[in-house]
Amino acid sequence: MTNKFYVTCAIPYVNARPHIGHALEFVQGDAIARYQKLRGRQVLFLSGGDENALKNVQAAQDAQTPVQQFVDRNSGLFRTLAENLDVQFDVFQKGSDREKHYPASQKLWQLCAGSGDIYEKEYEGLYCVGCEAFYTPDELDENGECFEHPGKKLDTVREKNYFFRLSRYRETLTDIIRGTHSGYGRLRIIPEKRENEILAFLARGLTDISISRSNERAKNWGVPVPGDPTQRIYVWFDALNIYQSGAGFGWNDSLYRKWWPADIHVIGKGILRFHAVYWPAFLLSAKLPLPKSIFVHEYFTVNGQKMSKTLGNVIDPNQIISKFGSEAVRYYLLAKFSPFADGDFSEPEFTKTYNSDLANGLGNLVSRVAALAQRLKITPDDGKRTLLLKSFGDQYQFNLALETIWKVIKECDVRINERRIWTLSGGEKSAALDDIIRDIRNISYNLTPFLPRTAGIITDQFKGSDIPKRDPLFPRIG
RNA sequence: GCCAGCGUAGCUCAGUGGUAGAGCAGCGUCUUCAUAAGGCGUGGGCCGCAGGUUCGAUCCCUGCCGCUGGCACCA
């Protein structure tokens, strides 16, 4: 078995600021990356910025900022969020990077073209000049006009585009996702309900998709189509390829061969089709290896309502982090939600969780044991560890993994009470504490993927024979 | 409209063809080593509604109501 593990987070659109949903995905990806490191694998963890979309150009115009400057600034916001959460990307690949990403996308295009899967076709659609976008009839109101610009007739526009022969890959993709293909390994979609959704989608048949835009429509922004300076590569064909371009594709073959294919793509449910159908189809066409799995998380509501700009309830994760600390945010996001169901983010619930689990649970246990251990000789850390999370790597159910760890915390509290350790003295007391401290060392070890900073502090505090008393890890709030 | 899933204690959720479970919140109590923390105990549920199958259904089937997701070029 290979010992490398390549994990990606989705490449966020950088036309707006990051919200709490981005924080969730970053933290999930980071926990997976750190877990695989804990298991001894060499890990590459990537995200990036989807910077070539037309929406970025429009948002930049609204902000009266040059496009490159705009996407650089907004990409920076996502990187800052990652840093604030202790999410350590090894690579943050920008889509506007002309040195690595542009040639990588053009290479993918040429490989697909070489397989005969790219062809020219007249595209005809209803174009709204106000939005500078095409619409399908069902996206319009009863007057056949777009919702943003009522009263404005849409134009029927014809344009030459390049199309990708997606239809050709329906059966192959179905077999690969089912795990019944003879030549390719299974592309696993987690959880199963999302796999079923994709299989149902494939069963209905596929039509070819447009993968380029005219310079005019693309506002001269994006990766030029190889051999046709009048067209730009459509953002989806281009953005997915960041997973490869960030790992050497098109500019460093040995690096690419070391890491590709991705072991897991962490994504939100809204972009599943692009990852489970389009992306593997592009790779099949290019005769490149396919990713091994796709982890699909769901979305947050805020106090019971959908997050939206118009409602003004978009949660800025940086504010929550500065109020509660990054470790508390990581804990809340990972422990208190099923990754496979929508969850409601509310600050009162956050505070409750913080106090009961982190302050009263983990933090208090660490404090009380450190106090009990004062002026005693404790058996130093022997480095022996038990991985409590053996089943975690299958489905990545962060909430269940943390529940398992918190059971051990509870058991420690119970043992301290039952044995009334504070009434013991001398060797009896040291022996009883040795037992508890072994568990605490084990807790911190198992906590590493989820709360890396806290795990580090506890490991350091409990490594020697003299255990220092320190300030509370999580001071109570309220 | 069609397809899939969900609807269980105040809150978040687990669960099984045979007297309903956990965590948090509440209440009582024990304890004092600890961040007024910890342990133990306890109250509280027509298991969405209406039928059906069954000796027996929260769990299986049907219908209805409510919510969520999918139904192609929408990050």
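The chains referred to below are lettered A, B, ... by the order of the sequence lines, with proteins before strands, and numbering in each begins at 1.
For the P atoms, the distance linking B/A4 with B/C60 amounts to 15 Å, nearest Å. Using P as the reference atom, B/C67 and B/U8 are 14 Å apart when rounded to the nearest Å. B/G15 and B/G5 have their P atoms separated by 15 Å, with the value rounded to a whole Å. Atom name P, nucleotides B/U19 and B/C6: the rounded distance is 24 Å, in whole Å. Look at the C1' atom in both B/A57 and B/G44: the space between them is 23 Å, to the nearest Å. Atom C1' of B/U32 sits at a distance of 10 Å from the matching atom of B/A37, rounded to the whole Å. The P atoms of B/U68 and B/C73 are separated by 22 Å, rounded to the nearest whole Å. Using atom P as the reference point in both B/A25 and B/G39, the two lie 11 Å apart (nearest Å).
Rounded to an integer number of Å, the gap from A/K336 NZ to B/C13 P is 12 Å. One atom, CD of A/E418, and another, P of B/G39, lie 11 Å apart when rounded to the nearest Å. A/F350 places its CZ atom 16 Å from the P atom of B/A25, with the value rounded to the nearest Å. In this structure, A/Y354 atom OH and B/C24 atom C1' are separated by 17 Å, rounded to whole Å. Rounded to whole Å, the distance from CD on A/Q58 to P on B/C74 is 12 Å. The nearest whole Å value for the distance from the CD atom in A/E195 to the P atom in B/A4 is 17 Å. In this entry the distance linking CD of A/Q374 with P of B/A34 reads 9 Å, nearest Å.
Across all strands shown, B/G41 forms a Watson-Crick or G-U wobble pair, both distances under 3.5 Å, with B/C27.
Proximity of a side-chain donor or acceptor of A/R330 to a complementary backbone N or O of A/L85 within less than 3.5 Å is detected. A distance-only check finds a donor-acceptor pair linking the side chain of A/N56 to the backbone of A/N15 [under 3.5 Å].
Contact annotation for A/A53: no contact, since no heavy-atom pair falls under 4.0 Å across all strands. Using a 4.0 Å heavy-atom distance criterion, A/Y234 is classed as a sugar-phosphate-only contact. No contact: A/A200 has no heavy atom under 4.0 Å from any strand. Within the 4.0 angstrom heavy-atom criterion, no nucleotide atom of any strand lies near A/K429. A/L473 comes within 4.0 angstrom of a base, heavy atoms only. No engagement by A/I421 is indicated, since no non-hydrogen atom pair under 4.0 Å with the nucleic acid exists. Using a 4.0 Å heavy-atom criterion, one finds that A/K469 contacts the sugar-phosphate atoms exclusively. Note on A/G363: a base of the nucleic acid sits closer than 4.0 angstrom, heavy atoms only. Across all strands shown, A/G21 has no heavy atoms under 4.0 Å from either base or sugar-phosphate atoms. Using a 4.0 Å heavy-atom criterion, one finds that A/D413 contacts the sugar-phosphate atoms exclusively. Residue contacts shown for A/T207 include a base, since a base heavy atom lies under 4.0 Å away. Among the atoms of the strands shown, none is found under 4.0 Å from any heavy atom of A/L272. Here A/I11 lies in heavy-atom contact (under 4.0 Å) with a base. Among the atoms of the strands shown, none is found under 4.0 Å from any heavy atom of A/V277.
In this structure, A/F392 and A/Y396 have perpendicular ring planes: the angle between them is above 60°, well past the 30° mark.
A/Q106 pairs by the side chain to side chain donor-acceptor pair (under 3.5 Å) definition with nothing, not counting sequence neighbours. Residues passing the side chain to side chain donor-acceptor pair (under 3.5 Å) test with A/H265 are A/T8, A/W279, sequence neighbours excluded.
A donor and an acceptor atom, one from each side chain of A/N399 and A/S338, are nowhere located under 3.5 Å apart.
The base of B/A75 sits within donor-acceptor range of the side chain of A/W236, with an N or O pair under 3.5 Å. Taking only distance into account, the side chain of A/N360 never meets the base of B/A37 through a donor-acceptor pair shorter than 3.5 Å. A/N364 contributes a side-chain N or O that forms a donor-acceptor pair with the base of B/A34 under 3.5 Å.
Considering only side-chain atoms of A/D342, the nucleotide from B/U68, B/A37, B/C73 that sits closest is B/U68. Set against B/U32, B/A34, B/C40, the side chain of A/W422 has B/U32 as its closest nucleotide. The A/V414 side chain lies nearest to B/C40 when the options are B/A25, B/U35, B/C40. Closest contact between the side chain of A/L206 and the listed nucleotides B/A72, B/C40, B/A25 involves B/A72. Nearest to the side-chain atoms of A/N417 among the listed nucleotides B/U35, B/G38, B/C24 stands B/G38.
In this pair, A/F201 does not lay its aromatic ring on the base of B/A72; centres under 5.5 Å and planes under 30 degrees do not both hold.
Between A/A239 and A/L166, the one whose closest nucleotide on RNA chain B sits nearer the 5' end is A/L166.
Within a 6.0 Å sphere centred on CD of A/E192, other residues, nucleotides and ligands contribute 12 heavy atoms or fewer.
Only one option out of A/Y234, A/Y278, A/F163 pairs with A/I209 in a side-chain contact (heavy atoms from CB on, under 4.5 Å); it is A/Y278.
Contact annotation: the side chain of A/F462 approaches that of A/V369 to within less than 4.5 Å [non-hydrogen atoms, C-beta and beyond].
OP1 or OP2 of B/C40 sits under 4.0 Å from a side-chain N or O of A/K410. Using a 4.0 Å cut-off, some side-chain N or O of A/K55 falls inside it from OP1 or OP2 of B/A75. When the side-chain nitrogen and oxygen atoms of A/R204 are compared with OP1 and OP2 of B/A72, none of them lie within a distance under 4.0 Å.
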